[in-house]
*Asks:* 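Handing you a structure now.
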Amino acid sequence: MVTISALPYDYELPASGNVALIVIDMQRDFMELGGFGDILGNNVGLLRAIVPTLKQLIDGFRALDLPIFHTIECHQPDLSDCPPSKIKRGKGELTIGSEGPMGRILVKGEPGNGIIPELAPLPNETVIYKPGKGAFYATELESMLKAQGITHLFITGVTTEVCVQTTMREANDRGYECVMVEDCTESYFPEFKQSTLEMVRAQGGIVGWTATAAEVLKGLEAWKPSEALV
Ligand code: TIU
């Protein structure tokens, strides 16, 4: 059995089943000035810190030929998939669908909706377009994971306490064994990131585990050749 050094205790890689990397919403809307994160009043520069480590983790999954799912939070141009409550929230001058410097805010296909170039998905990787904070709500993610026999998830991206945590909770309720990768997730609020990491692994791992990217890669490199399904 191969384990990953994690909190609150070692995480066991599956003897049968498969793993996937989930990269949540590494899109310009949250990372750059003029996007959704910025119009909500956040310091978007804070999120850049994880980009090099997340790139290493993505490259590690690619080298091991393991599946990667990228998500993008977005809405259809007519906003038919966006609840009025979400449009109203924030009370700012600009909102979802408004014209910003990177195109219409949080609208599918606009320049600001693209994943940052450093982490751009490869053609063989899946992109999930999601209207909610969680990646399972109103998407094909669960059926895709089931089709590939995926049981264990490594969850990364932004922001920790919003879309990353929501996705991990959704996944946990569906029976997935989840690790939040500590140095591959970031928040506009450092204290919220810390609290989120603590709350998911409290109570014996009530929502799952946390581990660093280096520990995840070390475990996966030992696991893949000997135990993974092909
Ligand atoms: N505002 C904020 O922190 N996050 C979001 O609105 N979406 C995601 O976390 N992706």
Side-chain angles (χ1 to χ4, degrees), residues 21-51 54 58 68-76 79 81-98 100 102-116 118-121 126-139 141 153-172 178 180-197 199-200 207-208 210:
L21 178 63
I22 310 282
V23 185
I24 302 285
D25 300 355
M26 290 302 293
Q27 60 200 74
R28 298 178 67 199
D29 293 299
F30 297 109
M31 308 288 295
E32 295 185 22
L33 289 173
F36 188 55
D38 182 36
I39 66 158
L40 294 175
N42 298 298
N43 176 1
V44 292
L46 286 174
L47 304 189
R48 298 244 21 125
I50 59 166
V51 174
L54 183 49
I58 289 171
I68 302 176
F69 293 78
H70 304 258
T71 71
I72 294 179
E73 183 176 347
C74 62
H75 295 283
Q76 297 299 322
L79 304 185
D81 58 352
C82 187
S85 59
K86 188 173 178 183
I87 299 173
K88 280 193 310 200
R89 202 72 57 79
K91 289 187 169 246
E93 208 173 295
L94 299 179
T95 186
I96 296 165
S98 299
M102 296 189 289
R104 293 181 66 205
I105 288 166
L106 227 54
V107 170
K108 188 174 180 184
E110 296 288 329
N113 205 225
I115 292 175
I116 59 170
E118 301 94 311
L119 305 182
T126 305
V127 179
I128 301 281
Y129 298 93
K130 65 181 186 59
K133 301 306 181 193
F136 287 82
Y137 170 68
T139 72
L141 179 59
L153 300 178
F154 295 89
I155 303 181
T156 65
V158 297
T159 61
T160 315
E161 79 282 8
V162 185
C163 292
V164 176
Q165 177 169 218
T166 303
T167 298
M168 184 149 165
R169 289 178 181 278
E170 286 182 327
N172 182 60
C178 300
M180 190 180 286
V181 186
E182 296 166 23
D183 44 0
C184 289
T185 181
E186 197 52 86
S187 169
Y188 300 121
F189 304 88
E191 68 276 25
F192 289 174
K193 172 178 172 175
Q194 193 53 37
S195 297
T196 303
L197 293 171
M199 71 177 79
V200 303
V207 186
T210 72

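Counting convention: from 1, in listed order, for ligands and their atoms alike.
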*Asks:* Looking at T185, is its backbone amide N or carbonyl O close enough to the side chain of K193 to form a donor-acceptor pair, meaning the two atoms are under 3.5 Å apart?
*Replies:* yes

*Asks:* What atoms in ligand 1 come closer than 4.0 Å to a heavy atom of F36?
*Replies:* 6 (O)

*Asks:* With respect to T159, determine whether any N or O atom, backbone or side chain, lies less than 3.5 Å from an N or O atom of ligand 1.
*Replies:* yes

*Asks:* Between D25 and Q27 (side chain of the first, backbone of the second, donor and acceptor by atom type, cut-off under 3.5 Å), is there such a pair?
*Replies:* no

*Asks:* Sequence neighbours left out, what passes salt bridge (Lys or Arg N to Asp or Glu O under 4.0 Å) with E32? Give chain and number order.
*Replies:* R28

*Asks:* When only distance counts, is V158 in polar contact with ligand 1, meaning an N/O pair under 3.5 Å?
*Replies:* yes

*Asks:* Check ligand 1 against D25 and write out every atom of the ligand that is under 4.0 Å from a heavy-atom position of the residue.
*Replies:* 8 (C), 10 (N)

*Asks:* Write out the residue and atom name of the closest protein heavy atom to atom 1 (N) of ligand 1, then the distance separating them to 0.1 Å.
*Replies:* L40 CD1, 3.8 Å

*Asks:* Which atoms of ligand 1 sit under 4.0 Å from any heavy atom of Y188?
*Replies:* 3 (O)

*Asks:* For atom 5 (C) of ligand 1, what's the nearest protein heavy-atom neighbour? Residue, atom name and distance, please.
*Replies:* F30 CE2, 3.4 Å

*Asks:* Between K130 (side chain) and L141 (backbone), is there a donor-acceptor pair under 3.5 Å?
*Replies:* no

*Asks:* Give the residue and atom name of whichever protein heavy atom lies nearest to atom 8 (C) of ligand 1, and the separation in Å to one decimal.
*Replies:* C163 SG, 2.6 Å

*Asks:* Counting only nitrogen or oxygen atoms and a 3.5 angstrom limit, does E73 reach ligand 1?
*Replies:* yes

*Asks:* Please determine if K133 has a nitrogen or oxygen closer than 3.5 Å to a nitrogen or oxygen of ligand 1.
*Replies:* yes

*Asks:* What I want to find out is whether E118 reaches R48 closely enough, with some N-O distance under 4.0 Å, to be called a salt bridge.
*Replies:* yes

*Asks:* State whether the side chain of Y188 and the backbone N or O of F30 hold a donor-acceptor pair below 3.5 Å, judged by distance alone.
*Replies:* yes

*Asks:* Output all residues satisfying side chain to side chain contact (heavy atoms under 4.5 Å, CB included) with V207, sequence neighbours left out; order by chain, then residue number.
*Replies:* M168, R169, N172, V200

